[in-house]
Amino acid sequence: MQQRGQWSGRLGFILAAAGSAIGLGNLWKFPYMTHHNEGGAFVLVYIGAVLLVGLPIMAAEVLLGRRARRNPVGTFLALGEGRPGGKVWGGLGFLGVSAGFIILSYYSVVAGWTLHYIVLAIQGKLASLAMDPSALSTHFSEGFLADGTQQVSYHLVFMAATVGAVYFGVKGGIERVAKVLMPLLFAILLFLVIYSATTDGFSPAMKFLFRPNFGDLTTSSILEAVGQAFFSLSLGMGAMLTYGSYMRKDSSIPRSVVEICFLDSLMGILACVIMFSIIFTFDLEVSQSATILFTTLPTVLIQLPLGSFVLTLFFVLVAFAALTSTVSLMEVVSSYAIDELGWTRQRATLTMGGVIAVFGVLSALSFGANATLSGVNLFGKESSLGVFSSLDYLAANWLLPLGGLLIALFVGWIMSPGDVREELEEGHRPLGRQFGFLRFTLRFVAPIAVGAILFSVIFLGAEYQ
Ligand code: TRP
């Protein structure tokens, strides 16, 4: 058996885990959802969801991983043994590994779009396209999305980059990538925030984001806030569990988890400040789709001083953020093959990465390049979804909440409280009341909140992204 990798220290873990959490979910999904849920009150509810559901479930995942020192399947098999349910809990790990496989296959396609924009910038074409909004939007939706060759190529290049980082293992690949990329990411984002503070739209943006109007709040926005907390924090499928399995015993879990949740929420909020300053400055009509990031935003960034530099920098930022997220998804699948199938890291990464890349081609071709794939309608919803959106729907609305619910139940009800406490206190001081709070949220608050989401999706047909 190979020696299991470890982060070099607590900082390595924090950067890798924050890298996993911070991604397209923060930079695109969160601003879009905040806009369509009318700002202020939604942001507050989101923060509440992170504190009451996200934080406890993240602590649960990390402590499970560090206790068992295995991939999600091995972890639940080992820790479920002799407890109610026994080996059946291995199925929960398998659900997570499958969700990782699915999410990575389509996430890499969108991540590939950012590479396309970087290539356009290098070729010197991005600036002129961005100066003509209709040219950019035609280029994006008709020229680029429907071009199968480009869709597949960029997706494959992004998968190759992901496999490359995971291939070199915990310390050599993932941690090294995260250590360079994460601070860079903060720097670029901060630069853009300072930029947006000089625009006229900054103060209406701050009002929109931080002055809650609870009259705007609907049941579905509460559900969306909880769902977004899951996706953004990379919870519900064992990504944080797997990263926790490489965590040293002398690193504090409670402290790390609080810091990761803080960083992830901060990045989402900073992204909102940037986007809404721009939106209010130019009085933009925000379309309800993925196009804000790829068609609206560039046309505005280019008008700023140093526009073409800012624009290029921005897409480099998004690509980096996406890479540290895809790396965490890949690591879940690889660690499963390494631990459970006994493969070497190299074989696991190349084989699994290859299979996921090929599977992802179906998503890459579902934006118009192939009529059958674009028209696939797995869930019988009113409009045809295409393979890409069907998989996103399956993962975000079903697999992650279900996984998160079961993880909370496992740690809250199945594991012995003594074991949970011991793992949390290792590398930390003895927990007082905080332990009672955490246990209460895992046993009751999180399962009820997540159960409500699943219930609403199943019985009320609610949709949240
Ligand atoms: N959290 C990442 C984002 O916000 C996406 C992601 C990475 C993810 N790993 C995950 C989502 C695991 C759910 C589960 O973009």
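Side-chain atoms are counted along with the backbone in the values below, which use heavy atoms only and exclude waters and symmetry mates. All ligand and atom numbering here is 1-based and tracks the order in the structure.
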query: Nearest heavy atom to atom 9 (N) of ligand 1: which of Ser328, Ala395, Ala21 does it belong to?
result: Ser328

task: Run the ring-centre check on Tyr195 versus Phe191 and record whether the distance is less than 6.0 Å.
output: yes

task: Report, in ascending order of atom number, the atoms of ligand 1 lying under 4.0 Å from any heavy atom of Ser325.
output: 2 (C), 7 (C)

field: Short N or O distance, Ala239 and ligand 1, threshold 3.5 Å exclusive
entry: no

- prompt: Of all the atoms in ligand 1, which lie at a distance below 4.0 Å from a heavy atom belonging to Ser232?
  reply: 1 (N), 4 (O)

message: Tell me the contacting part of Leu400 for ligand 1: side chain, backbone, both, or neither, using a 4.0 Å heavy-atom threshold, strictly below.
response: side chain

message: Tell me which one of Ile194, Val273, Leu317, Asn26 satisfies side-chain contact (heavy atoms from CB on, under 4.5 Å) with Leu189.
response: Leu317

- prompt: Minimum heavy-atom separation for Ala337 to Ala348, with atom names?
  reply: CB-CB, 3.7 Å

- request: Determine whether the side chains of Ser325 and Ser328 contain a donor N or O and an acceptor N or O closer than 3.5 Å.
  value: no

message: Please check if the number of heavy atoms outside Phe444 that lie under 6.0 Å from its CZ is greater than 12.
response: yes

Atom indices of ligand 1, in the order listed, that fall short of 4.0 Å to a heavy atom of Met237: 12 (C), 14 (C)

message: Given Phe231, Phe230, Tyr107, identify the one with the heavy atom nearest to atom 15 (O) of ligand 1.
response: Tyr107

